[in-house]
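Presented below is the structure to which this report refers.
Chain naming here is simple, since letters A, B, ... match the order of the sequence lines and numbering starts at 1 in each.
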Number of protein chains: 2
Amino acid sequence: MRRRLVLNGGEDIHRCLVCEIRDQSVCNAIDDNELAILAKASKQLSLPPATTLIEEGSAAQAFYNVTAGTVKLFKSLPDGRRQITGFADVGHFLGLTNAGTYSFGAETVNTVQVCRFMRPQLEILLNDYPLFERRLLAEVTDELAEAQEQMLLLGRKTARERVASFLLARMVHRPCQVKGEENIVSLPMTRVDIADYLGLTIETVSRTISSLRREKIIAGTDHHGIRVLSPTRLQGLASGQEHS
Amino acid sequence: MRRRLVLNGGEDIHRCLVCEIRDQSVCNAIDDNELAILAKASKQLSLPPATTLIEEGSAAQAFYNVTAGTVKLFKSLPDGRRQITGFADVGHFLGLTNAGTYSFGAETVNTVQVCRFMRPQLEILLNDYPLFERRLLAEVTDELAEAQEQMLLLGRKTARERVASFLLARMVHRPCQVKGEENIVSLPMTRVDIADYLGLTIETVSRTISSLRREKIIAGTDHHGIRVLSPTRLQGLASGQEHS
DNA sequence: CGCGCGTTTGACGAAGTTCAACCCTGGTGG
DNA sequence: CCACCAGGGTTGAACTTCGTCAAACGCGCG
């Protein structure tokens with residue numbers, strides 16, 4: 001069953017070997033001395049902002065691993081209403097599906113680098129490397145837990161709670177490494193994207209952020225960066241402990 | 001690596017062998033002549049309505065496969081607001097998680113039969129039967145797609161569209177087999193559960209159903225059964241094509 | 001019979017959307 | 001070099017949908 005792929009050059013294996021985010025992603029399930037196979041199975045792409053990676057309803061042909069930047073995943077209604085179901089950033093994969101077609105769309109938010117695996121290659125990896133499959137199962141299970149948390153947000157939280165949850169999640173999940181700048185939240189996406197992610201309108205998002213700013217819970221650096229002044233109060237807001 | 005479990009009786013293997021819903025579930029990944037191992041790894045439980053299967057935040061010790069009835073999965077906020085993230089019925093599993101604790105709760109809706117796998121046993125099955133793991137990956141991937149669809153509903157659909165989507169999903173996904181009763185939707189759960197699933201209040205759910213009834217799109221049999229008179233119009237409503 | 005639970009219906013109010021105007025910033029071209 | 005323009009963001013006022021509160025209904029069960 002195991003099929004060996006022949007290595008045709010030195011640069012391919014080099015790519016995966018020096019990949020800085022390998023141990024953040026599913027690729028860390030492949031052994032160091034087998035990286036040639038991984039490198040051969042995938043192709044690295046660099047994509048400008050607002051590039052469509054996946055067209056909703058199109059044939060499922062590829063699987064992507066994000067190595068730089070942020071990709072938004074979404075579903076739409078015929079009349080154009082859109083719900084962003086998640087942001088895939090460094091270390092996350094996208095494009096897994098059982099059906100023959102994608103049930104969702106994907107578009108780059110900023111400049112993005114991905115490794116693309118065509119479906120047959122992915123199948124081979126799954127078959128040959130049990131650890132890879134296990135790691136993928138773990139990853140999908142995590143995604144599902146996140147999706148459930150988001151359903152709670154969309155179904156039961158107020159606008160304030162949604163925005164607070166969003167900022168908090170981005171703060172803890174993607175901390176700014178710069179010393180003394182720990183509580184800076186980076187928001188590469190536009191207000192439209194945030195609104196479509198939180199199930200609100202851009203006006204409500206804008207008003208809510210302004211309101212949090214007036215209350216000194218956050219402070220704006222610019223439109224794509226926010227400093228959290230009181231993580232505690234933000235946490236309280238996010239879990240709905242404002243009035244109780 | 002493969003560990004053989006010893007069979008200690010005839011009835012255990014019999015249970016899985018005669019299991020009528022096996023090929024609807026992850027268990028169909030296990031070969032007929034290996035069913036003894038499956039039977040040994042699991043225990044069948046019968047549970048009355050409103051039984052807590054999983055306590056939110058408790059230690060993750062077991063994995064369940066539903067063989068009869070319906071289980072609701074949910075997440076809650078400290079003040080009691082609740083979001084039902086899905087209903088697991090015949091053939092579906094529940095209880096998979098990466099973390100050591102469950103991030104969600106689970107409770108039976110009606111009388112339920114489950115097969116319970118303790119975590120160590122599940123690990124063994126995953127390690128020894130690649131097909132089982134593959135099947136589970138497929139199942140979780142499907143769950144994720146469903147979750148995304150539900151996010152679209154919760155974030156972007158109106159009350160009418162939500163109720164229509166819900167009824168339609170239950171109709172196509174769980175057709176009534178009785179001849180001449182094809183368009184009967186069974187609703188084992190209460191209005192509270194429906195509301196908590198759709199991100200609405202019981203009053204709004206009730207009003208919306210009444211409204212659909214007045215418009216002759218559906219007809220009520222009793223409170224836990226509804227006949228769909230016009231699947232086409234329901235479909236139109238569900239996808240938001242009312243005004244366009 | 002009467003109690004309790006789940007459901008339905010109505011009147012009212014609040015949260016968030018819609019519509020519209022305005023502002024700010026960065027890029028382009030005269 | 002600066003004016004203009006376009007796209008994203010903010011703010012305000014009116015409106016709509018859905019939630020809240022309250023009352024009544026119906027059904028099953030002790």
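- Going from atom CG of N110(B) over to atom CG of D89(B) covers 9.0 Å, rounded to the nearest 0.5 Å.
- Between R191(A) atom CZ and dC24(C) atom P there is a gap of 16 Å when expressed in whole angstrom units.
- Interface limits on DNA chain D: the 5'-most and 3'-most nucleotides within less than 4.0 Å of chain B heavy atoms are dC18(D) to dC21(D).
- Atom NE2 in H224(A) sits roughly 17 Å away from atom P in dC24(C) (whole-Å rounding).
- Geometric assessment of R82(A) against the ring of F74(A) yields a positive cation-pi assignment under the 6.0 Å and 45° thresholds.
- Across the protein-nucleic acid pair, I209(A) atom CD1 and dG16(C) atom C1' stand 16 Å apart, rounded to whole Å.
- Residue whose closest nucleotide on DNA chain C sits further toward the 5' end, between A159(A) and S210(B): S210(B).
- Here R213(B) lies in heavy-atom contact (under 4.0 Å) with sugar-phosphate atoms only.
- When rounded to the nearest whole Å, the span between CZ of R207(A) and P of dA21(C) equals 15 Å.
- Put simply, R160(A) has no side-chain N or O that comes within less than 4.0 Å of OP1 or OP2 on dA15(C).
- Ionic pairing of D196(B) and R156(A) is present here: one or more N-O contacts between side-chain nitrogen and carboxylate oxygen are shorter than 4.0 angstrom.
- The distance from atom CE of M189(B) to atom C1' of dC5(C) is 18 Å, rounded to the nearest whole Å.
- Here N65(A) contributes atom CG and E139(A) contributes atom CD; the two are 8.5 Å apart, rounded to the nearest 0.5 Å.
- K75(B) and S103(B) share no side-chain donor-acceptor pair at under 3.5 Å.
- Ring geometry, F63(B) versus F93(B): the interplanar angle falls under 30°, so the pair is classed parallel (tilted spans 30 to 60°).
- Contact annotation: the side chain of R160(B) approaches that of S211(B) to within less than 4.5 Å [non-hydrogen atoms, C-beta and beyond].
- Near-neighbour residues of DNA chain D inside residues 199-206 of chain A, defined by a heavy atom below 4.0 Å, number-ordered: E203(A), S206(A).
- For the residue pair E56(A)/S76(A), the side-chain donor-acceptor check at 3.5 Å is satisfied.
- Interatomic distance, CG of L122(B) versus CE of M118(B), reported as 11.0 Å (0.5 Å rounding).
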